[in-house]
Every structure is written in C-alpha cells, then in structure tokens.
**Q** 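Okay, handing you the structure first.
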Protein chains: 2
Amino acid sequence: MDKDFDKYNEIAEILKVLAHPVRLCIVKGLIENGECNVTHMQSCLDTPQSTTSQHLQKLRAAGIVEGKRNGLEINYRVCNDKVIDIIKTIFKDN
Amino acid sequence: MDKDFDKYNEIAEILKVLAHPVRLCIVKGLIENGECNVTHMQSCLDTPQSTTSQHLQKLRAAGIVEGKRNGLEINYRVCNDKVIDIIKTIFKDN
DNA sequence: CCTTTTTTTTAGAATTAGTTAATATAGCGG
DNA sequence: CCGCTATATTAACTAATTCTAAAAAAAAGG
C-alpha cells in the first residue's frame, strides 16, 4: 500500500513549506495580486527583511515561486499550478 | 493587510499537521476507505505502534480525525470537511 | 571606484517536531 | 481477578525549523 511512499513525501514537502502563516500570506498575496517585489511584501508582512527573504528562499527551493530581477528589485510570482489550486481550495469560503 | 493574521495561523496549523508522509497516508486512506482501526493502519504504514498512535493524536488534536471505540478497537475517520476538500485537491491527478 | 538601494546569505540561539522504547490504560474472555 | 489484545501516554533523544543580527552580493548612478 505504500508504493506511493515517494509521492507522499513529495507532497508533504510542499505542504511543509506552505504551512507557515507568513509564507501562506506571501503565496496568497502573489496569487491574488500577481507579481510583487520583496520590499513591497515586507510592508504587508511586519517581519524583518531578512526573515522575509528566507521565507522566499524556501518557497523558491520548493518550486513554488520564482523571481525575475528588474534592476535593483526582484519580482516574485507563483509558478506552480498545483499550489495555486491548493491555495484556492484552502481559502475558498472566506 | 494582515487583519487575517489569525486566519493564516489557523490554516498553517492544519497544514503543518497534514505535512507529514505518514499522516498524509493515514488521512488519504481514511477518506478513500472510510473507517479504520489502528492495527490495520499500522499494517499499511511500517511504523511502530507508538509512532502511529502519536500521529493519530496530532490529527485528533487538530480536529482532523476522530475515533470511536468499539470493544478493544478504536475506529478512526476523517471528521473535517475542509481537510477532505484539500486532500482531494492535492491528490487530484494521480 | 564609491555609495546607495535591494536582496541574499551566514551563523548562532531558541523552539518545535519526530522517533522509539517502555510503561500505562481500557475492554474483553475466562 | 488474571491475562490478553488494542491503543495511548511518557520520557528521552535527535533532527529540523524559525528567528534575528550582521555581513555579503548585485545592480545602478554619479
């Protein structure tokens, strides 16, 4: 029954990354408002810049967001359709 | 923008509990096959009894599953519609 | 090349989560 | 009441996460 063990692991990894209030807020915000740079995110998040950046790194490493540099800024967006689907389900009736 | 801070926390708590391969397997199995007792779960899970029981306790504490005693056994089932919805979305196309 | 701005990386402390063996509890059949 | 089976709880240890401050890197402008 656990030949899907890798599958469970893979999904658990994604969920683990989503399972943090700040990262949830980042991902939900990006889905709803499109691209956003780090400085602007911070103004909504009330965490120090370094903390925000580390959350973004986790999201990047998990293949959930990606950033594109534009001059000094880096604009992030959600690049994972499954995650978009999951987040929409989670926040469906709020 | 973070007057929903409690909401993010609440959802993160649920996701944190789901974000473990063994617990994912338990929840998905319960959703697909209905009720199940602990001994039977273990036979599918390849973890010691105590480990399984502790995962179940986390799921119980989070309001995701509930158990009903039937003689010596305790039969668990998923009692959280939102979680059912999320899990179905996660495993949609597999 | 110096400075400023934006973002990332590193390092360390504090907290939280996961695993396991051992012990406890609950219900049943004699 | 005893022994048996199913499940839960505790205690101890290890591993992983989170947070923050400080330092580094990358791009732009003068």
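All values derive from a computational prediction rather than experimental measurement. Per chain, numbering begins at 1; letters A, B, ... match sequence-line order.
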**Q** Determine the contact category for A:Gln57: base if any of its heavy atoms lies under 4.0 Å from a base atom, sugar-phosphate if only primed atoms, P, OP1 or OP2 are that close, otherwise nothing.
**A** sugar-phosphate
**Q** Quick check: any donor-acceptor pair below 3.5 Å linking the side-chain of A:Gln54 to the base of D:dT17?
**A**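 Flag unset: no donor-acceptor pair detected.
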**Q** Rounding to an integer number of Å, can you tell me how far B:His20 NE2 sits from C:dT16 P?
**A**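 Going from B:His20 (NE2) to C:dT16 (P), I get 18 Å.
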**Q** Could you check whether any side-chain N or O of B:Arg60 sits under 3.5 Å from a backbone N or O of B:Gly67, counting only pairs where one atom can act as donor and the other as acceptor?
**A**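 Not at all, since once roles are kept as given, no pair shorter than 3.5 Å links the two residues.
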**Q** What is the distance from NZ of B:Lys16 to C1' of C:dT15, rounded to the nearest Å?
**A** 11 Å
**Q** Whole Å only: how far is the CD atom of B:Gln49 from the P atom of D:dT5?
**A** 14 Å
**Q** Whole angstrom is fine here: how far is it from CG in B:Asp46 over to P in C:dG18?
**A**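 Value for this atom pair: 18 Å.
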**Q** Measure the shortest side-chain to side-chain distance between B:Thr52 and B:Val22 over non-hydrogen atoms and say whether it is less than 4.5 angstrom.
**A** no
**Q** Measure the shortest side-chain to side-chain distance between B:Val38 and B:Gln42 over non-hydrogen atoms and say whether it is less than 4.5 angstrom.
**A** yes
**Q** Using 30° and 60° as the class limits, which term best fits the ring planes of A:Phe91 and B:Tyr8: parallel, tilted or perpendicular?
**A**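 Rings of A:Phe91 and B:Tyr8: perpendicular, as their planes differ by over 60°.
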**Q** If you take any heavy atom closer than 4.0 Å to DNA chain C, which residues from residues 69-77 of chain B end up in contact?
**A** B:Arg69, B:Gly71, B:Leu72
**Q** If you only use heavy atoms from C-beta on, which nucleotide in C:dT20, D:dA8, C:dT7 is closest to the side chain of B:Ser50?
**A** C:dT20
**Q** Nearest whole Å is fine: how far is D:dT9 P from B:Leu56 CG?
**A** 11 Å
**Q** State which residue, out of B:Asn9, B:Leu15, B:Ile14, fulfils the side chain to side chain contact (heavy atoms under 4.5 Å, CB included) condition with B:Ile11.
**A**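 The passing option is B:Leu15.
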**Q** Would you kindly give the OH-to-C1' distance between B:Tyr8 and D:dT18, to the nearest whole Å?
**A** 20 Å
**Q** Rounded to whole Å, please give me the gap between CE in B:Met41 and P in D:dT7.
**A** 8 Å
**Q** Rounded to the nearest Å, what distance is computed from the CG atom of residue A:Leu45 to the C1' atom of nucleotide D:dT18?
**A** 15 Å
**Q** Here's a test of your reading of the structure: between A:Glu13 and B:Thr52, which maps to the more 5' nucleotide of DNA chain D?
**A** B:Thr52
**Q** Start with the C-alpha distance between B:Leu18 and B:Ile64, add both sets of side-chain angles, then the distance that settles side-chain contact (heavy atoms from CB on, under 4.5 Å), and finish with yes or no.
**A** CA-CA 9 Å; B:Leu18 292 177; B:Ile64 294 173; 4.0 Å; yes
